[in-house]
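The block underneath contains the structure these notes are about, expressed in structure tokens.
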Protein chains: 2
Amino acid sequence: MTSNKKYKVGAIRERNSDRILIAAEEEFVLHGFKGTSMQSIADRAELPKANIHYYFKNKTNLYQAVLENIMTAWNEVLADMNEDSDPATVLTKFIHSKMQLSYTNPNGSKIFAMEIIQGAPHLREYISQDMRIWVKEKSAVIESWIAQGKMRAVDPTQLIFMIWATTQHYADFNTQVLEVMNRREYDDDGIQNITNFLTDMILTGCGLTAPQAV
Amino acid sequence: MTSNKKYKVGAIRERNSDRILIAAEEEFVLHGFKGTSMQSIADRAELPKANIHYYFKNKTNLYQAVLENIMTAWNEVLADMNEDSDPATVLTKFIHSKMQLSYTNPNGSKIFAMEIIQGAPHLREYISQDMRIWVKEKSAVIESWIAQGKMRAVDPTQLIFMIWATTQHYADFNTQVLEVMNRREYDDDGIQNITNFLTDMILTGCGLTAPQAV
DNA sequence: GTCTATATCCGGATAGAC
DNA sequence: GTCTATCCGGATATAGAC
């Protein structure tokens, strides 16, 4: 009985906590960290404001939790690539999964973008540690591909920035992209077209051609 | 004497107005529209808060003025290109001037980016009017280049997005880029390298080679 | 665990003296 | 044109009843 109750309480906690995180994400996207009020998050989550403070001690804490959720999803992209991999296959997969993430979780991309634009006050650590090492590792692999003559000699770091910039653009600037393209929202076809365009341009730029299978 | 006084007053007005606009730009970058307080702008401009309200009726007005400044600078990029132009020359110049703008006025780029990310609440009109027409016109020219066999057949709209995304990335995400590259700030050399990388990748992707002279 | 009521402070905006 | 003093709504955060 005790364990049963405990389970229930834990479930409610998780359910509410999730509601709050989702609501917070939406509000932070619309108004930024400072511009977002706890009240507006509470309203969106359909909970009293005090509950938000009960689950997440304060606004900063809640924001950090939102950021952590985002970084976790980010970190799962492109885990495995090494000197023996095929560049075309890896780059294609990289572009594909980044576009997919931008499509399925644009809010995450947007919050991250705003955070960086404002000088990364809550993410300095992450960028100068994890992200820097990540780029260094991947750059080294790309360097080895170039040394092996598998692709054109292009600056690996800039190549990674280029893939980030282009894929995230469709998530972060969706308002502008959709308006200019005269669409209401993205659909699977549109995303596929964009992914193909980016893959084509970037692979060609690297002196590669599309791989057999993705 | 009267005209002399009038001139002086006008000069002071312009001087103060400029101070405020510059201070506002810096604060809006750091905290977003909603997150920025008139007090912080006043402090940065070293003027009493009431003066800000005297020069710009309210916060929205001031923000719009900042945005207009930015859009004016933006609109001067790539005024002339037509069916007879050389694609490599035009694209090179386009990338070059966008990078230059990102370098000299990163705050403008950042405020614009945040505005779009948040759904362009103050720029909907501009995007669905001016910007859409701009892209349509330039796309038509690129289409004609492709029809003339001057370059590879790539989606012109996506190509424009790609140039925007990659060049603005270095302004908007400078915190991340510099941290990853382990630099304190951009220098002329670094900007030149990046510009060369982007030009090389994008021209190659379009099946072009660098032009004789820029 | 939940929610009402409230303390405390900071926001935009303006009145009115200089 | 400039600036002090002030209004008032809304912000974060918490105390304490349930």
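So that the names make sense, note that chain A is the first sequence line, chain B the second, and so on, each numbered from 1.
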To the nearest angstrom, the CG-P distance between L62(B) and dG12(C) comes to 11 Å
Rounded to whole Å, the CG-P distance (N51(B) to dT14(C)) equals 15 Å
For this session: Report, as yes or no, whether the 6.0 Å neighbourhood of atom CD on Q192(A) holds more than 12 heavy atoms from other residues, nucleotides or ligands.
Result: yes
Whole-Å distance, I41(A) CD1 to dT12(D) C1', equals 12 Å
Separation between CG (L67(B)) and CD (E25(B)), nearest 0.5 Å, reads 9.5 Å
For E27(B), the salt bridge (charged side-chain N to carboxylate O under 4.0 Å, His left out) test, sequence neighbours excluded, returns R44(B)
Whole-Å distance, L47(A) CG to dG1(C) C1', equals 12 Å
Whole-Å distance, I52(B) CD1 to dT14(C) P, equals 15 Å
Which class fits the ring pair W74(A) and F112(A): parallel under 30°, tilted 30 to 60°, perpendicular over 60°? tilted
task: Determine: side-chain N/O of Y55(A) to OP1/OP2 of dT2(C), distance under 4.0 Å, yes or no.
output: yes
* Indicate, with a heavy-atom threshold strictly under 4.0 Å, whether S40(A) touches base, sugar-phosphate, or nothing. => nothing
*asked:* Taking atom CD as the centre, does Q64(A) end up with more than 12 heavy-atom neighbours from other residues, nucleotides or ligands that are less than 6.0 angstrom away?
replied: yes
Looking only at heavy atoms, the pair that brings V66(A) and A24(A) closest together is CG2-CB, 4.0 Å
To the nearest angstrom, the CD-P distance between Q39(A) and dA5(C) comes to 14 Å
Taken to the nearest whole Å, CG/D43(B) to P/dC3(D) is 13 Å
Pairs: protein N or O with nucleotides 13-18 of chain D N or O, under 3.5 Å:
residue, atom, partner, partner atom, Å
dA13(D), OP2, H53(A), NE2, 3.4
dA13(D), OP2, K59(A), N, 3.1
dA13(D), N6, K49(A), NZ, 2.9

Do we see a donor-acceptor contact under 3.5 Å between the side chains of Y55(B) and N16(B)?
yes
| message | Is the terminal nitrogen or CZ of K138(A) (NZ for Lys, CZ for Arg) located under 6.0 angstrom from the six-membered ring centre of W134(A) and within 45° of that ring's axis? | response | yes
Residues of residues 19-34 of chain B with a heavy atom under 4.0 Å from any atom of DNA chain D, listed by number, are none
The side chain to side chain contact (heavy atoms under 4.5 Å, CB included) partner of Q168(B) among K110(B), M99(B), K98(B) is K98(B)
